[in-house]
Each structure stands twice: as structure tokens, then as C-alpha cells.
Visitor: 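If you scroll down you'll find the structure; I have some questions about it.
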Amino acid sequence: GCGTTIDQNGNASTGGNADGQKELVISTWGFSEDFLQESVFQPFEKEHNVKIVLETGNNAERLNKIRQGSTNVDLIYLSDYYAQQAIDDDLLEPIDRTQLTNLDQIYDIAKAPNGEKYGPAYTVAQLGIAYNPALVSGEVTSWSDLWKPEFANNLTMPAITATAGPMMIDAASRVAGNKEFNEDAAFTQLKQLDPSVVKYYSQTSEYVNMIGQEEIAGGPIMEMYFKDIQAAVPGAKFVTPSEGAYAVINTVNIVKGSDNKELAEEFIDWQLSKDVQEKSAKAKVDSPVNKDVVLTDEEAQGITYGADIIENLRKLDMEFVNKSMPVWTDRWNREIGG
Amino acid sequence: MTLLSLEQVSVAYDNHLILENFDLKLEEGKLLSLLGPSGCGKTTTLRLIAGFLEAKGGKFMFDGRDYTHLPVNKRNFGFVFQSYALFPHLSVYDNVAFGLRLRKMKEGQVKEKVLRMLDIVSLNGFEKRFPQELSGGQRQRVAIARALVIEPDLLLFDEPLSNLDANLRVTMRVEIRRLQQELGMTAVYVSHDQEECFSISDQVAIMNAGKIEQLGAPTDIYQYPKTEYVARFIGFNNFLVFDGTRQGNTGLEWTIGDYGFDVQLQAGQSTANTYKGAIRPEDLRIIPLGQLTDLQKSLSNQVPGTVKVSTYLGRSYQFEVQTALGAFTVNQEMDIPIAPGQQVMITFPADKIVMVAQ
Amino acid sequence: MTLLSLEQVSVAYDNHLILENFDLKLEEGKLLSLLGPSGCGKTTTLRLIAGFLEAKGGKFMFDGRDYTHLPVNKRNFGFVFQSYALFPHLSVYDNVAFGLRLRKMKEGQVKEKVLRMLDIVSLNGFEKRFPQELSGGQRQRVAIARALVIEPDLLLFDEPLSNLDANLRVTMRVEIRRLQQELGMTAVYVSHDQEECFSISDQVAIMNAGKIEQLGAPTDIYQYPKTEYVARFIGFNNFLVFDGTRQGNTGLEWTIGDYGFDVQLQAGQSTANTYKGAIRPEDLRIIPLGQLTDLQKSLSNQVPGTVKVSTYLGRSYQFEVQTALGAFTVNQEMDIPIAPGQQVMITFPADKIVMVAQ
Amino acid sequence: MKEKHYGLAIFSTLVFIFLLGPLVIISVTSFGPGTVLKFPPDGFSLKWYQNIWAVDMFPKTFVTSIIISLLGNLLALILGVPAAYALSRYHFRGRDLLNAIFLSPVLIPGIVLGFTMLKYVLVMYQLPIYAGLLVGHTVIMLPFIIRVIGSSLSNFDFSIEEAAVSLGAGRLQAFFRVVLPNIRSGIMAAVLIAFLESFNNVDISVFMTGPGISTLPIQMLTYVQNYFDPTIAAISVVLMILTGLLMFVIERLMGGLAYFTKR
Amino acid sequence: MKINKMYWLLLPGLLFLTVFMLIPIILTIGSTFVQEGKPTLEGYLYFFKDAYFNRILLTTLRVSVFTTVICIALGYPVAYYISRLGTRKKGILLALSIFPLLTSPVVRSFSWMIILGRKGLVNNALVATGIVDKPIEILYTPTAMIIGLVHLFLPLIIITLVGVMENVDSELIRAAESLGASRFTALRKVLFPLTIPGLIIGSVLVFVGSLTAYTTPALLGGKERVISTFLYQNAMTLNDWYLASVIATIMIVITLVVVGLMNKVATKLNPKG
Ligand SMILES: Nc1ncnc2c1ncn2[C@@H]1O[C@H](COP(=O)(O)OP(=O)(O)OP(=O)(O)O)[C@@H](O)[C@H]1O
Ligand SMILES: Nc1ncnc2c1ncn2[C@@H]1O[C@H](COP(=O)(O)OP(=O)(O)OP(=O)(O)O)[C@@H](O)[C@H]1O
Ligand SMILES: NCCCCNCCCN
Ligand SMILES: [Mg+2]
Ligand SMILES: [Mg+2]
């Protein structure tokens, strides 16, 4: 249980509680809380005599709250371009990398996804394609296979607002044959795909339910959810497309104005430690970025693991994505699925 | 021709029987009044006829057809509700026009009829008012107008004039009677005003706890109630409980102890001792004892007594007189009332005593 | 002692004046009746006294205190509503107990009082019923019981007996009067039943379009209406419109054309020609012309005419008689009515003609 | 008096099939053993019901939700009932405007309302999270309380209130002892709708919750973003059972919903 | 004096709303008319000049109107039926009608998939009975969106209406019937006008609810966009609260207009309401 760690008053503005114990406020998604409490938060609390208080919600919600400063969050977990948004809005405290003793154990891609000033990625996952072979004839090996007639009226794609949305724009640009990103070509390509799309999903649960009910044959999805897909469709397959899967990068950062900067840095370092990374991986909570973590095949099932895969992931330029998002969203709204 | 007949009808609220094996017949074009004490089932009878209540048993025939299960709106009966039941969202005009419009009448004609009816109930100028903005009597008149204007096959009136002043009440009852007769409508009428019932009706039914106790022409009922209940109800407040008969000066006399009473029997009545003599307060006469000659004192049909209470009634005074035969109520017109405490002689005119079943 | 006084009170709905500079005074322990046609402002007056309406102007004094702006619930007045206004969610018992419980009376005492009051209104056994399950008259009696049981300083009755049958109405009015006098309560009473008003009241006020036209003791009003309006309202349906005076056989006679009328003037009345003669239908006498001697025919205070309509009223018959002086209504007790078309002589007894202001 | 409406009865039955059909499917799937929603399920298991208690954020946020919704409801009643009464009892200038103002919280898209309240109530007015959450929920309940009770009062015969006052009841007494019992079906409707509106609210709560404080819908939303198992279905079933039990208790305690609906 | 009393009754609620909602919202909306310190309508012009946005707006309105009308059409008779039932049955049906509100939108959309999907119950039935020869598309169409919204809001209108109908004197219906109205006509001409206040508030709640609903249209609605999608995108993904507020203001204005229209119609049908 984790109930004991939560400040019942919800008053996090003092930075400490009645018994003078420090409080570390962490803003995160709110999944696998049981595991995180036991293996990540509680050991840290004990070691540093600190109380960890959680604020949970999705990226956008939590980002909005730190923007308004309604609660004094010390650490925030964000994925992909939400971290970049936080940086653009000057909400994050530059990090002192010298404090992160475990940094050299992690993959390059995870070290400084948003630049040296900001926090590292504590997990990197891949976005590939999952499908139901019973409904799709032939092997699926490439992003371009989504455009094949097998997927006609059988496909789901992430909505532009989903984490994977911008990745699909990049993928479409590449499928259209461009080495350099070509926005127009990408949208033309996506537009061609539109008739095949049954539904653009914005929640992974929709994907899982649709494939389970055979409303769709497949579509792009993060590897970490594949075990759920298999539970629904035992014969389902997950592929890393030949052009390369996309990296879903989740970072942890210190929020500007935190009173507990050093403690926060220690926590980040703790999050990157082999110990935590290995436990998380084995519990299938997060794919490890720590190169020292060694997993059996079975332990690696359903998580993104191994230098060969991780080092080949495509990583979008977050600043560029962020800048482009208003335009992409608008074009996507107008040109696709309308 | 019998237009309406209720045959062995029973009605109950929950499991509480209100009407039991109720029978009623009414000729076409006639107006029947239901008279009876509060709670005896008058409204229930009207609601049954209107179709608002479902009978537990029995049959309701109208115009030769079985109406027992016919829906309310197929009946074309007009109903004036005891509680008015005006449509609060409609103006006086629209309340009255409601039924006409349902009959798809042209607006011009609707207007003509509504205005004429409002004229009859003296509500010209009130067309635009809403029910909440009317006095009690005005609401009641709207309710009457609303039911009359559709010229229904049968009119059901539940105390339609209870909230009107005496003059208006007379005017309205004359109007109702006129319209009813002119248009040949049949009607069942409930009112507590006996004069109203007697003056407006072709037939009067006196009800007692869910049954009709006597049904007849107004004059018959008024003059010759058949039972004590009816007699009491229509104002024969004084009763003589006879204990035997004897031969008197002018023929057979009924007796109570030493007192002898000359009584005119109605057709069909025997001398069997199953009757009470009933007499109205206004048919009794009292004279202060001092003003009587000895001869007068010795006549039959007289009882001496003492005035206990005297009440002014407008036209007459009412006296409570205590006698050896019990208390009697006497209404008598006089300029200077007899004061309480005075000794008086009560006279019971032989032709005013009605023999009623006990 | 004057308990209640309304001074120059005005009341309006929206901008429509209902009462204008209304004055009224009432002694402690007295019962005053308001009589008047539908819509004249009786309910409005009661509601004003009760405090439901705010006066536009004027003052309301009660027991020496200014009550004009006192909240309703501070007044301790009992109100019997024309529309009953029973609490639908409470049983009969709880309806009646409502006011007592507000006074924090012990349940034992509440029970005693409620049951006694229900007994008075003849509703024993109905304690557990809800208002929807009562007949109209039963509801009205609950409303009366509810107002009486709190023994208020002032009782306001708005047509409290309109839905009761004649007998019950008499019983109830006697009870109301008894309670009012026994407990020394003061009361204002609105009813359309004139007999009821006259028999129950110490004072009667005849209202006309928001004003009091005459206020006085019941006998005064009944016998000597001061204006045509009042006369008409209390049943003087026949009017003689005089055109002059002349010396007759027995003294000064009022004339209409050739017809002469002997009239007894009231104190304070002059012979000025600003009066009309008013007479009640039941004070006129008619005799078929054939039954009159020539001498009788030549007397004054007589007008010949033709019977147009005859109506049975229960006790008496009513005749519409057309004469050279207009139509007259005559109520006369008789066994066999005079048939329409017959020639009759109408007699106007000199002591029954009342001179009223035009 | 019994009235017969066969057509209506059939129609109503169909509507209830429409309303409840999906719930039957949800209930059935909640007993499935698999980690994803499946209909028909592959077997029978109660593990998702156990999971509700295992993930202790569920009971915790459930309690928070109940407390916030009940307190907010109470507050909204205290603020709203007098207003509803005034708006239907008196006719005065500006009544329409006031009606519109009191309705306005439902006219504003929830997310904008939530964000705005975050900016002002939490940040500017510096209200503690719990208080802010309560205020937010009260704001969204107010229109339901005021308008639903108001529309019930629109057909109310105020003469019985006058009767109560004439018998010596103060304004408040008259209201509580006479008006309220006669519009209890309206009050019931208002309280119920407001409660559900608050209990299900996401838009406001998303912004007004904070470290350590969350509500059940937010927790459920968070959960379904990462898990696809029938726990959420099981929670729905538990909520329905709780509601049913509550109704049963009410039935036993005060003669049923009848208490709220009988007139 | 009466007036004073009335203000005291209104004041607490008004004050509360003003402080916690009105002022913040007015400031937020007000800010959409100002850019860089100058008054402007740019945000609004941007949207209204845009044919695409206008089309979405129309779609949204259509969905909301349909939802509202269907909710009334289904809810009104059911509310009437419930309101005339014996007290016990009434309680049970009222309880049943709130059950749908206790289920999470996500599982609810899953069960709609079971019902409306290609392999769903409806399509199976249609194919089995030969009415269609291949499954029809219902799920992920505007129809599905409307069905989902109706399912979401129907309880609201039923509960509201039952509350109002119980305060209508049933004697009035009888009066209408005695004047020759069929039960239906009596309901239409008497019950209906008298329940207008409740109907209006119910409809407003449904209309506004479906106009601003996000989750249900997103889950069931397929590719058809509604206006709240835009609002969410701008607010939550793009963090553009300026445009989000502009859209919100447009939605508020639309609802005010619609509510105004409804009130107009209401006054016509029931001038005393
Ligand atoms: N709310 C209102 N708005 C406008 N006019 C009203 C309102 N209430 C009553 N009136 C009018 O005021 C006048 C007096 O009404 P009031 O109820 O006092 O009459 P009343 O003497 O009691 O009549 P009734 O004997 O018919 O009950 C009537 O003409 C009535 O139409
Ligand atoms: N809904 C009901 N449930 C139970 N009993 C009822 C119901 N309605 C009426 N009653 C009872 O039925 C009896 C007859 O009622 P009804 O209304 O027919 O009387 P009524 O003769 O019209 O009396 P009144 O002259 O007082 O109007 C009364 O005793 C009354 O209490
Ligand atoms: N187990 C991986 C955690 C990643 C959280 N993902 C959030 C997804 C936002 N779309
Ligand atoms: Mg009756
Ligand atoms: Mg009146």
C-alpha cells in the first residue's frame, strides 16, 4: 500500500510536513503505483528521510498545473514533446549533470533528449506496428505496409494529439520517399491512408478493444502495450518496421522553483540506477535505459530492450515537432479524415 | 326515453367501497340533481359518469350504448369541477375556447361562442386574465363557461355555484337551466343549495352513504319525504315519535303519551305504527301561552313548552323550544321576537305533518 | 373597544386598484361579515388583514398596535382559505395539528385538541386520510378545524361553508359562532349565503367594488337597506321608481303616474324625490283579479298585471308578473300555483316598502 | 386511480432496454478473467473486483469523490434553494438575467471552466486544493440545484405556504415543513442529478486536484490510459450495486423512494 | 419589503458564483478580445472566416440538436409513465434510470462496440434476419455519437421531468379529456405547456452537455469532428488557451442564443410559466 505517503491536506506548499520531514512532490502518470511505491519511492524515502507526494494525471494536465504553479511540484515525468513544451515555457530547472552518477550507464539516446541542460530519459520505448495475422495476409514488415489493401477499412492510426501522432507524420513523409522531412508529402500520404482508417485512436484502450473485437486488423502501437494486445488476440504480432521504429521517450525533470533541487537530482539518479531500472523492467513497468540491465528473453517480452533495437530507434527533433504542432494539427484536422 | 342508466355500479377507492350496486336512470333532456351530505358519494357518481373513475362492477349505458369502458374524451360530456380545474397556463378566453378548438371550429366562430358564453357568466372584459388573477367566484364562472360552451350531450355539474353570491347564483342557475332546456341537454347536477336543486331540476335524488334513498320530482320530495333520513335532510327538523293511535274528535289520532295528533296520511301509507311524524320548523307555529284562550289550549296537535334560544335569520326568527316531547325548532316571521324563557304553545298543523318510515 | 381598524387602505394587483381608501372598524369579540358580489374584493380584504397582501397605502391597527407591516406569522390570525389550501403531504390529523405543534404544545395536548376539533367538524375517523382522499366538503371542514384549533386572536373565514350541505352548514355555523363567542375571538367572515351571514354576525358590511356601501347590525341591514345597491343585493328585487307625491286617503302618497303608494319613511328620510321604493318578492302579495271585490281593486298600493313565469322553489312559488310599472317578482306560498297568463293584482304592503337612495 | 397505458408501458420498456442493455454487457465483462475487456468473457473470475481494493487509489479516491460531492451538494443546496425559491416565487425585473447567471456554469465548456478556476481559485485566491475542489464542484452543481428545483416550484401552489404562515410558521418553518415536502420529488431530482454530475465530473477535477488528492473519475481515467482490464467495469458494477443498496436502505428507512416521490 | 427579502435569498448564491466563477470567466473571455493591449476580434474572425470551422460548427449543432430532440422524444413519455406509476415502481425505475450515469465512458464505449460494431449484436441480427447482407457501419459514425450522447443524457431529462410532472395536478388532464381531448391531446395541450419549465431546463442541460461533450464523441464518433475536439486540441495539446477561450466563447454564445430561442418558444407555449 501507498496510502501513508500522501499528504491528506493536499497542501504541498510548505515543502515539509508537521514532523519537519521533507516532502518531495512528484508529478507522474499514475500507473503501476503499487510497484513504484514499493521498489522506487519507499526505498528512496527511507534513505533520505523524505516523504514523496504524488500528483497524477496525463502529460497535458500536469503540465498545465505546473504552468499555473498551483502546486509546488519538484519533479515531473513527461513524455516526448511535452517535455519540450515545458522547456519552451521555461518551466524546468536546468539540471546539474555532475550529480547524476549513473548517467554513463545509460544509452546515448536517453542521456539528453532535450539537450544537456535538462533531464534524461528514464525509459525509452519503441512505437512499431501490431496486427492480427488472421485478418492480414502476408507479413507486415514496414511502415509502408499500412498502405496495403490488406489494411483497407481495417486500420487504426493514432490521432494527431496522441503521443504517436507526430511520429506518423514523419513516417508518412518517409513512406512517401523523402529522406528529408517533407510536410506536404506526409499529409498527401496520410490522406491516401484515410479511407483505410476505421478510427483514429487517442487512447490505447481503444486500440486494444478494437483489435480484440476485430473492428481493426492492426495499426501503430507502442511495444509496451503488446502484451495486452496478445491477451485480446493471442496470435497477434508486433513488428519493428524496417525503416525503424520510433522512440517514445519519457523524461524526468526538475520543476523551476523547487526547494528540493538536490534531493530531486538524487531521485533522478536513483531512477536511472541499475537497481531501479532492472526491477522496473522485470516488473514490465518500464523499458530500461540502463545498459547494465540484463534480461532473459522472457523478461524482455513486451518491453523494449537491447542495444540493437534502442540504438536504431528514430528520434524526432522535439523542438521542431513542437513548433510545427499547431500547423500539423490544423492540417491534420482539415485534410485527413474530414 | 332513458338516456343514461347506471346499473348495479360499484366504485371503490383502494378497497373502500363508496358506491355499492348503485342504480340511476335519467331521461333525455332532463336535469337530475344529486343531493346528500358531504362525503356521501356525489362527486364520485359524477366522476364515474364522466369516466374519470373505473367501476369495480356494473354497467353504464348512455344513449343505448355501453359506455362503461369508453374513454373520457369519446363521451362528449361537459364537467364542471368542484375545484374548477382551470388550465393555469391559459387565459380565460383560451380556457373557454379549449373544447371548441379541439372540435376544429373556425376561430371566428370560436370567438363568437366564447364571448357570448363569457357574457352569460358576466365575465366580459376578463378574457385576457389568467386563472390566478381571478377571484374565487370568477374562477368558478370560467369553469362553468368552459363546460357549457361545447354544448355536450351530458352536463355534469359539481357544485357549480358554490362560490357565487345569492343574486349571481340565481341568475346563473336560471341561465344554466335555460341553456340546458334550449339545447335539449341532459344534466346531472350536484349542489348543496336545496333551493337551487329544487328550482333547477326535473328530478332530485337524495343520496345517503353511496345509495339513492329517494328519487322523484322536486315537489314530491320536498313535500313528501319517504324516510326520516330524507325528511331530516330537506329540513323537516322536528319529529314526533308516536306510540299509538286513538279515536280523537275529528277521527283517528296518533298519540305520544297523552298528546294526540291529527295527521293526514299519504296514499299508500297505512296506520301501522312504523311511522314518525316529521314537520318543518317554518310549519310550526308558536304563541305565547298567555295569549291563548282555554279552548285553544285544549285542542289537539298542540304541545306547550319554553323558548330556550332565539336566533335572527333575516326574514324570520328561529326558536328552540323545550317541551315534554323533546326540543323543537320553530321558524316564525315576527317583528318582535319571543324572548328566551317565555312559555309558549306549539301548534303542529295536521296537513303539514308528513309520515316517514323510521 | 375597537380591536381592528383599517384606515384609508388601498390595495392593487399590478396597477389595478382593488381596494381604494378602505375603512373598517371592528370591536373585540365581535363577528363581522363581508357580503358582496363575486370579485368585489372580499378575499382581498381578508388577505390584507391576514398580511398576505401589502397595502399600497393606509394603515392597519390591531389591538392598539400598528400591524401594517407585521409579518403574517407574528399576527396569530386564523385563516380559512376559499381554496382550502390544505397541506397535501400531511394527514388530516397532522394538518390540524400543524399550528399547535408550531406552538410547541405537548403531543398529548395536541392530540386532545385535534380530536376534539375533528369531532366538532364531524370528521372523526378521518385522521389518517390525506387531503386528496377527501370529498370537497370534508376538505373544507379540515380547513376550518385547522384554523380554529389554534384559538387565534382574529379569525378570517373565506367562504368556509360553501361546500357543505344545508344541515351541516347550519350545524357548522352554530359551532363556529359558539366557539367564537365562548373563546371571545374576533372574526371577519365572508360568505355568499346571506342567511348564514345574518344569523352568525354582529355586524354586516355590504361591499361594492372595493368599498363598503353599508355597515350595520344584521337586522338593520336586512330591514333597512340604505341604497338601491344594498337593497338589490339583499333581495329587494322589486323597485318602484316614484315620480312625485300627492295627498292620498291616508296621508302623503308617492306616485308613479296614476298609481299611488302609501310608504312608511324611516327616521332621517325626507320626502325629497331622491328615493326609490324597494320591496322583496316575498313581501308582495298576488291575488287572481277575479277573486277581488271592486272595493279592493280601488285601494292604493296595488298594481294589476299578468303572470308570465311560475317557478317552484320548494317552500313557495315564484312568479314573474308583468305590469304597467314593469316586471315584478313575487314569491308566495301556495298549494296550487297561479298559472302563467292569469291576470293578478299585486299588493305592495306599505310597511314593507323601504325607501332607498338611488 | 389506476390508468392503463399499454403503449406507454411497452415504449418505456424499450427505452429501459436501451438504457440498461449496455450495462448488462459491462456487468458481464467485469467477470471475465482476461486482462482485456472481452465479451462474452472466456470464463469467470472475481479478480477485477479484488483489484479494486488492491489498487488502493480506488477506495481512496472514491471516498474523496463522495465527500466532495456530498459536501458540495450540501453547499449548493444551501446557496441554491433560497435562490430557486426567490426566482420562482417572486416576479421582478432582472429575473431572466439572474436565471441566466445561475445557469451559466453549465453553459461554459467544462475544460475552460476548469482551467479558469485553476487560474483564479487555486492560484490567485490561494485556496487550498481541497477547498478549491469543493468550490469547483459546488459551482457546477448550483445550476442543477437551482433550475431543477425551480422548475418544480413553477407548478407549486404557494397558497399552502400562506396557510402555514397564517398558522404561525416563520418563513423558514413554512418552507421546511410545507414547501419542501411538497416538492421533494423535484429536490430529489435536483440532488440526484447534481450529485451524479459532480461525482462523474472530470473537467473541473482534472484541474482542481493536486498532490495527494484525486477523485474517482480521474483515477479511473488514469487507469484506463494504462490498463485495459475489466477493473473499470467492475467499479461500474460496484457503483450500481451501491446505488441499489442505498435505494434499498432508503426504502427500508423511509418507506422508499416513495418518500421522495409521493405527493 | 418583499423585494428586500428576495435579494437576501439570492445574494449568497450570487456572491459565491460571482467570486468563484463569474469574475474569472469574464476575465478569461474578456482576454479574448484583447491582444497586446489592444482590443481585437481577430480570434473570432479567424474562426468565422474559416469554412472548415463553420462546417464543424454545423455538424456539432446538428448532433446536439438531434441528441436533444431524441432525448425529449424518448424521455418525455417515459417520464410521464414513471410519474403516474405507483410509488414503489416509480422508485425502482428512477433508480434504474440513473445507473447508466455510473459507468465509465470507456467501458460504455466498449459495450457500444459490442452492440453496434461490425460483429456486434445489431449487425448480427440484421444479417441473420436478412435485412442487410453485409454489416452496416454504425459504430464510429455520427449516428453512434448521437446514440452514445442520448444514452448519456437521457437519464438527466427523465429525472428532471419526473420531478416536474409530479407537481402538475392530474385533475387538469381530466378536465381536458372531458372537453374532448384524447389522452395524447390532453398531454400535448395541458401537461406539455405546464412542464415546459422542466423541459427547457432538461433540454438546455442535454444540449449544452452534448455540445461540450468530449469523451463520448471522441470514443464513438469515428472521424467526424466536433467543436469540442478543437477546444481540447488547442487547450490540452497545443496549450493555446487564447484560441481555446475563443472557441469556448463561441460555444457560450451559441448556447445563449439557443437557450434564448427555447425560452421564446416556452413563453409562447406557456405564457404563465
Ligand atoms: N392576482 C390577481 N391579479 C389581478 N387581479 C386580481 C388578482 N386576484 C384578484 N384579482 C381581481 O381583484 C378583484 C377582487 O378579487 P377578490 O378575490 O378579492 O374577490 P372576492 O370578493 O373574494 O370574489 P369572490 O366572491 O368571487 O371570491 C377581482 O376582480 C379579481 O379579478
Ligand atoms: N381518493 C380517495 N381515496 C379514498 N377515499 C376517497 C377518495 N376520494 C374520495 N374519497 C371518499 O369517498 C367518499 C365520497 O366522496 P365524494 O367526493 O364522492 O363525496 P361528495 O358526496 O362529493 O362530498 P362533498 O359534498 O363533500 O363534495 C368520501 O367519504 C371521501 O372521503
Ligand atoms: N510504461 C511506460 C510509461 C509511459 C507513459 N506513457 C504515457 C503515454 C502518453 N501518451
Ligand atoms: Mg363533492
Ligand atoms: Mg373570494
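Every value quoted in this text rests on a predicted model; they were computed, and no experiment measured them. Here is how names work: the chains are called A, B, and so on, in the same order as the sequence lines, proteins then strands, and each is numbered from 1.
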Visitor: Mark yes or no for whether C/H89, through its side chain, and D/R177, through its backbone, hold a donor-acceptor pair below 3.5 Å.
Guide: yes
Visitor: By a 4.5 Å heavy-atom criterion (distance strictly below it), what part of D/A164 contacts chain C: side chain, backbone, both, or neither?
Guide: both
Visitor: Does any part of the side chain of C/L86, heavy atoms only, come nearer than 4.5 Å to the side chain of D/I160, both counted from C-beta?
Guide: no
Visitor: Hey, is CZ on D/F176 packed in by over 12 heavy atoms from elsewhere, all under 6.0 Å?
Guide: no
Visitor: Ignoring hydrogens, what is the shortest heavy-atom contact between C/P88 and D/N182? Give both atom names and the distance.
Guide: CG-OD1, 3.3 Å
Visitor: Using non-hydrogen atoms only, which part of C/R146 is less than 4.5 Å away from chain D: side chain, backbone, both, or neither?
Guide: both
Visitor: Does any heavy atom of chain D fall under 4.5 Å from the side chain of C/L156, the backbone, both, or neither of them?
Guide: neither
Visitor: With chain D, which of C/F79, C/Y84, C/F98, C/F77 has the greatest number of heavy-atom pairs at distances under 4.5 Å?
Guide: C/F98
Visitor: So do the side chains of D/S166 and C/F81 get within less than 4.5 Å of each other, counting heavy atoms only?
Guide: yes
Visitor: Quick check: closest heavy atoms across D/A163 and C/A85, and the distance to 0.1 Å?
Guide: CB-O, 3.6 Å
Visitor: Side chain, backbone, both or neither: which part of D/Q173 has an atom under 4.5 Å from a heavy atom of chain C?
Guide: side chain
Visitor: Pick whichever of C/V149, C/L102, C/V72 has the most heavy-atom pairs under 4.5 Å with chain D.
Guide: C/L102
